[in-house]
There are 2 protein chains.
Amino acid sequence: VRRLRLVLEYDGTRFCGFQRQPEGPSIQACIEDELSRVCGHPVTVVAAGRTDAGVHALGQVLHLDTEGRIAPDRLLLAVNTRLAPRLVIRRAEETEPEFHARFSAASRTYHYWMAREWPSPFLGRYVLHAPRLRADAAERMRAALDGLSGTHDFGAFCAAGAQVHTTVRTVQRAALVECGGLLRLELTADGFLHSMVRIITGLLLEIGSGAREPEALVQARDAPSRGRAAMTAPAHGLFLARVAYRDGFVGGPDDAGDRPWPEGR
Amino acid sequence: VRRLRLVLEYDGTRFCGFQRQPEGPSIQACIEDELSRVCGHPVTVVAAGRTDAGVHALGQVLHLDTEGRIAPDRLLLAVNTRLAPRLVIRRAEETEPEFHARFSAASRTYHYWMAREWPSPFLGRYVLHAPRLRADAAERMRAALDGLSGTHDFGAFCAAGAQVHTTVRTVQRAALVECGGLLRLELTADGFLHSMVRIITGLLLEIGSGAREPEALVQARDAPSRGRAAMTAPAHGLFLARVAYRDGFVGGPDDAGDRPWPEGR
């Protein structure tokens with residue numbers, strides 16, 4: 001038995017999310033069906049992050065065990081030929097049997113894309129149009145993000161009904177980047193609660209539009225009363241951008257390629 | 001009666017082309033329906049280029065006449081609110097009654113995007129995956145394009161059955177640009193024959209993969225025997241990028257913004 005790890009890009013638009021579900025096409029079912037065909041036996045994958053319906057990935061990491069002898073680059077070719085372009089394996093390699101896509105991860109990075117102007121039709125499925133953002137929205141959002149990082153109870157930013165052992169997480173980095181007329185929120189943490197990035201984005205949108213002040217983000221995080229702190233932003237602006245592992249492995253583009261479309265001319 | 005001109009971006013994926021047709025949703029029907037609603041009377045538009053099914057636009061230019069009093073920026077807002085993101089009006093303004101979207105155009109620029117590697121899922125609908133391209137494909141294609149420009153009979157690059165007065169056109173610029181791991185063909189001419197860019201692209205793909213030599217492009221153009229010179233490349237890599245007018249007006253992004261996705265971080 002060999003353990004393989006894969007780095008996956010996908011457009012989440014027409015999927016019901018990563019996880020296999022009775023109704024609707026999931027990323028998991030889609031990739032497991034192809035991998036099983038290629039490996040010649042039923043394959044189950046484990047993912048770094050179970051993205052919700054409509055959420056995209058630039059650097060989703062999976063592991064799987066196979067008894068087959070197929071070379072990783074042949075597997076990549078066979079799967080991509082059937083599933084590209086909506087789902088593309090970017091990297092496939094043999095790994096230590098101890099490697100675990102979910103539990104060996106040291107950090108995950110999510111991006112959320114927003115724009116005050118109508119985004120181009122070619123980005124409309126990947127960028128939230130937020131016409132209420134003020135001209136100084138980026139500054140206001142940056143001020144709000146200033147106090148977010150560190151180890152805190154982020155329970156206020158967790159979807160209702162989520163079953164978790166603890167709501168304490170460590171946010172390692174929180175930044176807002178302006179890129180070609182768009183805004184990109186970048187959050188890196190050891191782990192994220194269910195809908196955490198989208199609830200933080202919802203609050204940032206209110207701050208950026210002037211409905212709330214920049215202090216509201218940290219105040220919501222630390223408020224004694226529980227309950228959702230803000231509207232959950234739509235799924236289509238969200239990307240699982242990168243997963244970094246304790247052994248140094250990084251799934252997803254490094255800083256230089258941090259966008260789903262190419263740079264330069 | 002006032003004449004307005006509009007600059008339009010659209011994702012052609014799910015349209016049957018620009019021109020209104022009995023079956024299938026066309027760009028023209030889509031925008032005319034909204035404009036008629038907003039203007040309060042039936043509106044007919046004239047376009048710079050009638051893009052085929054699946055072809056995208058960054059800088060399609062339209063004109064229309066209206067008896068209504070709506071301000072151009074209000075019209076833009078009303079239409080975009082209904083049609084964005086798959087169709088976005090980038091610019092709307094009143095113009096001279098002599099302006100004609102089709103006949104006043106001095107040049108049109110089309111882009112065709114290709115990639116040897118699987119393009120990202122977020123570009124898969126806009127970039128042709130061409131795995132047979134050799135590592136030196138860009139050089140070979142550039143050598144082929146060298147002799148293409150100028151005033152020539154381009155009849156060899158015209159779809160069968162097209163009804164045209166003359167197949168002589170003036171190609172003002174033919175270039176191949178490498179951009180973030182992708183290749184972009186850029187063609188500017190006073191006008192294009194039906195499928196001309198896609199047939200030239202088809203031939204360039206053969207040249208880039210080594211099936212034909214760079215000289216084959218100019219040879220095909222000048223061959224005495226008529227008939228299609230190559231396979232027609234698929235529609236989804238093609239963009240109507242820009243239309244330039246004799247009065248100096250340019251629809252579509254200028255050189256600095258020549259891609260449908262944003263640059264920079």
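Convention: sequence-line order gives letters A, B, ...; per-chain numbering from 1. Bear in mind that the values here come from a model prediction, so they are computed numbers and not experimental data.
Within a 6.0 Å radius of CZ in B:Arg74, other residues, nucleotides and ligands contribute 12 heavy atoms or fewer. Counting non-hydrogen atoms of neighbouring residues, nucleotides and ligands closer than 6.0 angstrom, the CZ atom of A:Arg134 exceeds 12 such neighbours.
Legend: residues meeting ring pair (Phe, Tyr, Trp, His ring centres under 6.0 Å) with B:His129, ordered by chain and number and at least two apart, are B:Trp118. Annotation: salt bridge (charged side-chain N to carboxylate O under 4.0 Å, His left out) contacts of A:Arg102 (sequence neighbours excluded): none.
To the nearest 0.5 Å, atoms OH (A:Tyr126) and OG (B:Ser120) are separated by 7.0 Å.
By a heavy-atom distance cut of under 4.5 Å, not one residue of residues 137-146 of chain A is near chain B. Scanning residues 43-53 of chain A against chain B with a 4.5 Å non-hydrogen threshold yields no residues.
Neither the backbone nor the side chain of A:Leu8 has a heavy atom closer than 4.5 Å to any heavy atom of chain B.
When each of B:Pro85, B:Pro121, B:Gly124 is scored by its heavy-atom pairs under 4.5 Å with chain A, the top score falls to B:Pro121.
Aromatic rings of A:Phe239 and B:Phe122 (six-membered ring for Trp) have centroids within the 6.0 Å cut-off, being under it.
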Practice item. May I have the step-by-step check of side chain to side chain contact (heavy atoms under 4.5 Å, CB included) for A:Arg125 and B:Arg86, ending in yes or no? Key: CA-CA 9 Å; A:Arg125 305 198 302 175; B:Arg86 80 178 178 156; over 6 Å; no
